[in-house]
**Student:** 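Got a structure here, written out as structure tokens. Questions coming.
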Amino acid sequence: RYLATFKRGDYVDIVVDPAVQKGMPFSFYHGRTGVVFNVNRNALGVEMTKIVGNRQLRKRIHVNIAHVRKSRCNEDFLRRVKDNDRKKQDAKLLGKTISVKRVPEGPKDMKIVMATPDEVEVLTPLPFIENYF
């Protein structure tokens, strides 16, 4: 954990290690993800947003590296960028144009339910009968 290298711009998760009290962030920041803006010998400057009332504030805190780990929040994005670049390169070699945009799934196909009139069961409530005796 201590041997991990952090650079400016890296995404990090703040997870407090209770065995180390030095450089411990305030409890609000536990479990939050932020971006490294400063690297020191044994601490990291992390910038994140905090919702206060109806606005988002950018908060900058310094946290001991014992309470920080690399985030996996943008792994999928980086993998998708690599795949798209490879697809674009292959398409360029073939002389084609390719669209690498993500397309939503869209509505499902139509289905027709066939039934005979004797299979259809109509559910209606029982009529109310006033019974005063």
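Remember, it's a predicted structure, so these values are computed and weren't measured experimentally.
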**Student:** For a 4.5 angstrom cut-off between non-hydrogen side-chain atoms, does T33 reach M48?
**Tutor:** no
**Student:** Tell me whether V36 is reachable from Y2 by hopping between hydrophobic residues (I, L, V, M, F, W, Y) whose side-chain heavy atoms are closer than 4.5 Å.
**Tutor:** yes
**Student:** In Å, rounded to the nearest 0.5 Å, how long is the span from CZ of R80 to CG of N74?
**Tutor:** 10.5 Å
**Student:** Take atom CG in L78; do more than 12 heavy atoms of anything else shown fall under 6.0 Å from it?
**Tutor:**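 Atom CG in L78 is packed in, count exceeds 12.
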**Student:** Can you check whether D85 reaches K87 side chain to side chain, under 4.5 Å on heavy atoms?
**Tutor:**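 They are not in contact (no side-chain heavy atoms under 4.5 Å apart), so the answer is no.
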**Student:** For the CD1 atom of I65 and the CG atom of D17, what is their distance to the nearest 0.5 Å?
**Tutor:**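 Result: 11.5 Å between the selected atoms.
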**Student:** Going by an N to O cut-off under 4.0 Å, is there a salt bridge joining D90 and R86?
**Tutor:** no
**Student:** Are there over 12 heavy-atom neighbours, none belonging to D118, within less than 6.0 Å of that residue's CG?
**Tutor:**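 Yes, because the 6.0 Å sphere around CG of D118 holds more than 12 heavy atoms from other groups.
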**Student:** Has D10 got a side-chain atom pairing as donor or acceptor with K7's backbone, closer than 3.5 angstrom?
**Tutor:**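 Pair found, side chain donor or acceptor close to backbone of K7.
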**Student:** Where is the tightest heavy-atom contact between V120 and A115, given as atom of each residue plus distance?
**Tutor:**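 Where V120 meets A115 most closely, the heavy atoms are CG2-CB, 4.3 Å.
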**Student:** Quick check: do I14 and V46 have side-chain heavy atoms less than 4.5 Å from each other?
**Tutor:**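 Yes, their side chains come closer than 4.5 Å.
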**Student:** Looking at every non-hydrogen atom in both residues, tell me the closest pair between I61 and V63 and how far apart they are.
**Tutor:** CD1-CG2, 3.6 Å
**Student:** Has R60 got its NZ or CZ under 6.0 Å from the middle of the six-membered ring of F37, at an angle within 45 degrees of the ring axis?
**Tutor:** yes
**Student:** Does any non-hydrogen side-chain atom of V39 lie less than 4.5 Å from one of L44?
**Tutor:**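 Yes, close enough: below the 4.5 Å cut-off.
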**Student:** Using modelled atom types and a 3.5 Å cut-off, is there a donor and acceptor pairing between side-chain atoms of N40 and backbone atoms of N42?
**Tutor:**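 It does not hold such a pair.
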**Student:** Any donor-acceptor pair under 3.5 Å linking the side chain of H67 with the backbone of K22?
**Tutor:**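 Flag set: sc H67 to bb K22 pair under 3.5 Å.
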**Student:** Examine distances only and state if a side-chain atom of H30 and a backbone atom of V16 form a donor-acceptor pair shorter than 3.5 Å.
**Tutor:** yes
**Student:** Are more than 12 heavy atoms, taken from residues, nucleotides or ligands other than F6, located less than 6.0 Å from that residue's CZ atom?
**Tutor:** yes
**Student:** Can you tell me how far apart CZ (R72) and CZ (R69) are? Round to the nearest 0.5 Å.
**Tutor:** 10.0 Å
**Student:** Could you state the interatomic distance from OG1 (T49) to CZ (R58), rounded to the nearest 0.5 Å?
**Tutor:**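 T49 OG1 to R58 CZ: 10.5 Å, rounded to 0.5 Å.
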**Student:** Which pairs of donor and acceptor atoms, one on a side chain in residues 91-105, lie under 3.5 Å apart (sequence neighbours left out)?
**Tutor:**
none

**Student:** Below 4.0 angstrom, N of the basic side chain to O of the carboxylate: do K59 and E47 qualify?
**Tutor:**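 Answer for the salt bridge query: no.
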**Student:** Step through the shown structure and confirm whether more than 12 heavy atoms of other residues, nucleotides or ligands are within 6.0 Å of CZ on R8.
**Tutor:** no
**Student:** Please check if atom CD in Q89 has more than 12 non-hydrogen atoms from other residues, nucleotides or ligands closer than 6.0 Å.
**Tutor:** no
**Student:** For the pair D83 and R79, find out whether any cationic side-chain nitrogen is under 4.0 Å from an anionic carboxylate oxygen.
**Tutor:** yes
**Student:** Is the charged tip of K50 near the ring of F28: under 6.0 Å from the six-membered ring centre and within 45° of its axis?
**Tutor:**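 Because its charged atom sits under 6.0 Å from the ring centre and within 45° of the axis, K50 does stack over F28.
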